A.B. asks: 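After the structure tokens below, expect a handful of questions from me.
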Amino acid sequence: MGFEPKYSVVVTSRNDGHGGNIMKRMRLFVNGLLTQTRRHKVPMELIFAEWNPPADRPLLHEVLPKPAMGDQLAIRYVIVPEALHQRYQRHDVIPLYQMIAKNVGIRRAQAKWVLCTNIDLLFSDALFKTLKQESLQDGRFYRANRCDVPDGIDESWDFDRQLKYCEQNIMRRLGWDSRFENVNFAEAGLKHRTYPMKWLSNRDAAKHRAEASDFENAFYRLDKMACGDFTLMSRDMWEDIQGYLELDMYSIHIDSLGLVAAASRGYQQVVFPRKACTYHIDHPQGWEAMNPLERLKFLERRPGIGHSTLVEIGQFMLQEPRHFNLNPPDWGFANEPLEEHAFFPPSTVNA
């Protein structure tokens, strides 16, 4: 096979309608990647870890778009069957273990650089230009802001119109501002301040950061907001940290612990500029869209890591920069012969 991707893009999903209007959002995502990899001439492979697919519905490869002649995107679907899903205690209330599923994709990625993201995003042109032009470095992991937009995109629009809609309808922005290194403005409740006020806040915060311990600063400065939507590092680095922690619980904050694990190994975080962002298609069952009482009821059925626990674990790990080896050696079901359906751009099949 002559196709050599520069990036492996890892996502997980299933054809069960989760999150609301899921098929539309997945089609927008796949078509967006097909368009931009072709437009910017960036060869990628998209790996769907299709976790515990419903027996009464088509598999994703049967219903989602496929690469055509001249495309720069290969699409692989790796099936994690019900039998593996049922090994987990909470299999009946958590139909998809998001981070374990992403580990499945990480272990099977073929490119040097592996991006873990989600299936309800569009990437800005500035982000794709950054991925094409940026000289990525081993020892660094990369983050991008997530901008939430309403679910008002029409699939019949051309891609430029879809991106224009996203640019003009940002509801909220999640992530660090790459221009400032001392303040997480969203966490501090200061994200609506003007640039000069942010500059002053960042300057004033530098004194507090100087008084905090190294590991407290390292934890605080990690861009943990919506990091499951965009975390990029080399495949060797993902292997070094054993991917995401494989826990039998809801995925909240497990993505953040992936950043902590990388930082504890001495890897350096890089936050892309604000324009190099992702656009997340908002949906009523999304975590950010829930009010606090809805989140409480959600976690009643699907326990997850609380924020205080995240802080405690994160700072502990950063004080102990070593391999914790919390996952099994075959994390990501590395030794399981999983069913796979692969689709390559036709022009590369016989290359």
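Residue numbers start at 1 and run along the sequence shown. In this text, all values refer to a predicted model and were calculated from it rather than measured experimentally. Just so it is clear, the values below take in all heavy atoms, side chains as well, and ignore hydrogens, waters and symmetry mates.
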A.B. asks: How are the rings of Phe333 and Tyr88 set to each other: parallel, tilted or perpendicular (split at 30° and 60°)?
C.D. replies: perpendicular

A.B. asks: Do Ile170 and Phe272 land in one hydrophobic cluster if side-chain heavy atoms of ILVMFWY residues count as linked below 4.5 Å?
C.D. replies: no

A.B. asks: So that I can tick it off, tell me whether Arg39 and Asp160 are bridged by a salt bridge, with the cut-off set at under 4.0 angstrom between side-chain N and carboxylate O.
C.D. replies: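 Answer for the salt bridge query: yes.
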
A.B. asks: Using the rule that two of Ile, Leu, Val, Met, Phe, Trp, Tyr join whenever any of their side-chain heavy atoms come within less than 4.5 Å, decide whether Leu34 and Ile153 are in one cluster.
C.D. replies: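 They do not share one cluster, since no chain of ILVMFWY contacts under 4.5 Å joins Leu34 to Ile153.
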
A.B. asks: Please determine whether the number of non-hydrogen atoms from other residues, nucleotides or ligands lying under 6.0 Å from atom NZ of Lys164 exceeds 12.
C.D. replies: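 Check fails, neighbour count at 12 or below.
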
A.B. asks: Do Phe48 and Ile79 share a hydrophobic cluster, counting only Ile, Leu, Val, Met, Phe, Trp and Tyr and linking them when any side-chain heavy atoms are less than 4.5 Å apart?
C.D. replies: no

A.B. asks: Under 4.0 Å between a side-chain nitrogen and a carboxylate oxygen: does that hold for Lys112 and Asp138?
C.D. replies: yes

A.B. asks: Do you see a donor-acceptor pair shorter than 3.5 Å between the side chains of Asp154 and Ser156?
C.D. replies: yes

A.B. asks: Students often mix this up, so state it plainly: with edges at 30° and 60°, are the rings of His85 and His91 parallel, tilted or perpendicular?
C.D. replies: perpendicular

A.B. asks: Does a side-chain N-to-carboxylate-O contact under 4.0 Å join Glu155 and Lys24?
C.D. replies: no

A.B. asks: Quick check, are the ring centers of Trp176 and Tyr220 under 6.0 angstrom apart?
C.D. replies: yes

A.B. asks: Is atom CD of Glu82 surrounded by more than 12 heavy atoms (other residues, nucleotides or ligands) closer than 6.0 Å?
C.D. replies: no

A.B. asks: Between Asp151 and Arg25, is there a side-chain N and carboxylate O pair less than 4.0 Å apart?
C.D. replies: no

A.B. asks: Please, which pairs that meet salt bridge (Lys or Arg N to Asp or Glu O under 4.0 Å) have at least one residue in residues 197-219, sequence neighbours excluded?
C.D. replies: none

A.B. asks: Hey, would you say the Tyr244 and Trp238 ring centroids sit under 6.0 Å apart?
C.D. replies: yes

A.B. asks: Hey, which of Asp229, Asp255, Asp223 is the one that makes salt bridge (Lys or Arg N to Asp or Glu O under 4.0 Å) with Arg143?
C.D. replies: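 The option that passes is Asp223.
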
A.B. asks: Decide, yes or no, whether a salt bridge links Asp16 with Arg57 under the criterion of side-chain N to carboxylate O below 4.0 Å.
C.D. replies: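 Result for this pair is no, no salt bridge flagged.
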
A.B. asks: Would you check if there is a donor-acceptor pair between the side chains of Arg193 and Ser201 at a distance under 3.5 Å?
C.D. replies: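 Side-chain D/A pair, Ser201 to Arg193: present.
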
A.B. asks: If you measure from the Lys or Arg side-chain nitrogens to the Asp or Glu carboxylate oxygens, is any gap between Glu336 and Arg87 under 4.0 Å?
C.D. replies: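 Yes.
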
A.B. asks: Other residues, nucleotides and ligands only: do more than 12 of their heavy atoms fall within 6.0 Å of CD on Glu312?
C.D. replies: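 Atom CD in Glu312 is not crowded, with 12 or fewer foreign heavy atoms closer than 6.0 Å.
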
A.B. asks: Report the relative orientation of the aromatic rings in Phe180 and Tyr195; use parallel for angles under 30°, tilted for 30 to 60°, perpendicular for over 60°.
C.D. replies: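 Tilted: the ring planes of Phe180 and Tyr195 meet at 30° to 60°.
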
A.B. asks: Report the relative orientation of the aromatic rings in Phe230 and Phe123; use parallel for angles under 30°, tilted for 30 to 60°, perpendicular for over 60°.
C.D. replies: perpendicular

